[in-house]
**Q** 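There's a structure below that I have some questions on.
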There are 2 protein chains.
Amino acid sequence: MGLTRTEIFTDEQNKLAVLLKAMAHPARIAILQYIMASKTCINGDLVEELGLAQATISQHLKELKTAGLIQGTIEGVSVCYCIHPENWNLLKETIGTFLKGYIVSNECC
Amino acid sequence: MGLTRTEIFTDEQNKLAVLLKAMAHPARIAILQYIMASKTCINGDLVEELGLAQATISQHLKELKTAGLIQGTIEGVSVCYCIHPENWNLLKETIGTFLKGYIVSNECC
DNA sequence: ATTATTTATTGCAATGTTACGATAAACATT
DNA sequence: AATGTTTATCGTAACATTGCAATAAATAAT
């Protein structure tokens, strides 16, 4: 007990939950916003910008990368991060479809 | 250590994180989808539908209600839950704006 | 070669999440 | 009044998350 019972949900429900969870932290939202604004960035930029420890930023970047929201390529001594274009569009679509599922109705409480 | 440093983020970043977190669980996604499809529902419907314990469903409903995504009104012995129309539209807008922040660019890694 | 720069990983402490059984509370039915 | 129905809350066990210091690893500069 105490661990999510993923087996009783559909793949789509589990996948959407993983994506939302990856974004569900102010630091990761801030990181995504920073990357969106500056197109690319490195870990050090974010450490300065956000004021979190280097290890913490690195951990958040890893989570975003694991979820497929960003990608990182080694550039000499540093790693260049940016939004993962294809996955971001997929994300947009998946969340969009989910949110559109509600149509205002008067059958409400 | 170990607790999110909300004070270093903007209100908007923190609020969006709270909303995303409220949805970032397969059970809560399933609950929202069920409510969207059936317009209204009670705790008991969801216990049958999802196969989670009554206490667990109640807890998830509470989280969704606290985040403002759903509303519940007492109807005799049971509680009728439905999507919170205004907040759902706000959510749509907030997430939409966030996701639109990325414009595909060739300045990538 | 040595030193500097940059990021990832490890280890840890504090806190949060998830799930469920048991129980309480509140109304409906008999 | 006693019983049934429905939901919320409490307590608890098992993980999971967050954040940081310390350290490792890998390239760049001197």
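Note that the structure is a prediction, hence the values are computed from the model and not measured. Letters go in sequence order (proteins before strands), and every chain restarts at 1.
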**Q** Using a cut-off of 4.0 Å between protein heavy atoms and nucleotide atoms, how would you tag nucleotides 25-30 of chain C 5' to 3' with B, S and -?
**A** -BBS--

**Q** Output the rounded distance in Å from CG (Asn43(B)) to P (dA19(C)).
**A**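 These atoms are roughly 14 Å apart.
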
**Q** Starting at atom CD1 of Ile31(A), determine the distance to atom C1' of dT7(C), rounded to an integer number of angstrom.
**A**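 Ile31(A) atom CD1 is separated from dT7(C) atom C1' by 14 Å.
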
**Q** Using OP1 and OP2 only, check whether a side-chain N or O of Lys21(A) sits under 4.0 Å from dT17(D).
**A**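 Affirmative; the distance criterion is met.
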
**Q** Atom CD1 of residue position Ile74(B) - does it have more than 12 heavy atoms of other residues, nucleotides or ligands inside 6.0 Å?
**A**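 Not more than 12 within 6.0 Å, no.
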
**Q** Hey, is the side chain of His25(B) poking within less than 4.0 Å of OP1 or OP2 on dA19(C), counting only N and O atoms?
**A**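 His25(B) to dA19(C) OP1/OP2: side-chain N or O found under 4.0 Å.
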
**Q** Look only at the side chain of Ser38(B) and the backbone of Cys41(B), and say whether a donor-acceptor pair between them is shorter than 3.5 Å.
**A**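 A pair under 3.5 Å: no.
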
**Q** Would you say dT6(C) has OP1 or OP2 under 4.0 Å from some side-chain N or O of Ser78(A)?
**A**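 It does not, given that no N or O in the side chain of Ser78(A) lies less than 4.0 Å from OP1 or OP2 of dT6(C).
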
**Q** Give a yes/no answer on whether the side chain of Thr56(A) brings an N or O atom under 4.0 Å of OP1 or OP2 in dT18(D).
**A**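 Thr56(A) to dT18(D) OP1/OP2: no side-chain N or O under 4.0 Å.
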
**Q** Could you state the CD-C1' distance from Glu63(B) to dT17(C), rounded to the nearest angstrom?
**A**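 The distance from CD of Glu63(B) to C1' of dT17(C) comes to 8 Å, rounded to the nearest Å.
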
**Q** Between atom CG in Leu61(B) and atom P in dT17(C), what is the gap in whole Å?
**A**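 So the CG-P distance, Leu61(B) to dT17(C), works out to 17 Å.
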
**Q** If you compare every side-chain N and O of His60(B) against the phosphate oxygens of dA19(C) (OP1, OP2), does one of them come in below 4.0 Å?
**A**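 For dA19(C), OP1 or OP2 has a side-chain N or O of His60(B) closer than 4.0 Å.
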
**Q** Measure from the side-chain heavy atoms of Ser58(B) and tell me the nearest of dT15(C), dA21(D), dT9(D).
**A**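 Minimum distance to the Ser58(B) side chain belongs to dT9(D).
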
**Q** Classify the ring geometry between His60(B) and His25(B) as parallel (under 30°), tilted (30 to 60°) or perpendicular (over 60°).
**A**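 Tilted, since the angle between the ring planes falls between 30° and 60°.
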
**Q** Need to verify one output field. Residue with the more 5' nearest nucleotide on DNA chain C, Gly44(A) or Arg5(A)?
**A**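 Looking at DNA chain C, the more 5' nearest nucleotide goes with Gly44(A).
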
**Q** Considering just the side-chain nitrogens and oxygens of Tyr81(A), establish if one lies under 4.0 Å of OP1 or OP2 belonging to dA8(C).
**A**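 True: Tyr81(A) side-chain N/O within range (under 4.0 Å) of dA8(C) OP1/OP2.
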
**Q** Do Gln59(B) and dA19(C) share a donor-acceptor pair, side chain to base, under 3.5 Å?
**A**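 Pair found.
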
**Q** Which atom pair, heavy atoms only, marks the closest approach of Arg5(A) to Gly51(B)?
**A**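 Closest approach of Arg5(A) to Gly51(B): NH1-O, 3.5 Å.
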
**Q** Could you check how far CD1 of Ile57(A) sits from C1' of dT9(C), rounded to whole Å?
**A**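 Roughly 16 Å, once rounded to whole Å.
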
**Q** Could you give the CG-to-P distance, from Leu46(B) to dA8(D), as a whole number of Å?
**A**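 Taking atom P of dA8(D) as the reference, CG of Leu46(B) is at 11 Å.
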
**Q** With a cut-off of less than 4.0 Å, is there a side-chain N or O of Lys62(A) near OP1 or OP2 of dT7(C)?
**A**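 For dT7(C), neither OP1 nor OP2 has a side-chain N or O of Lys62(A) closer than 4.0 Å.
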
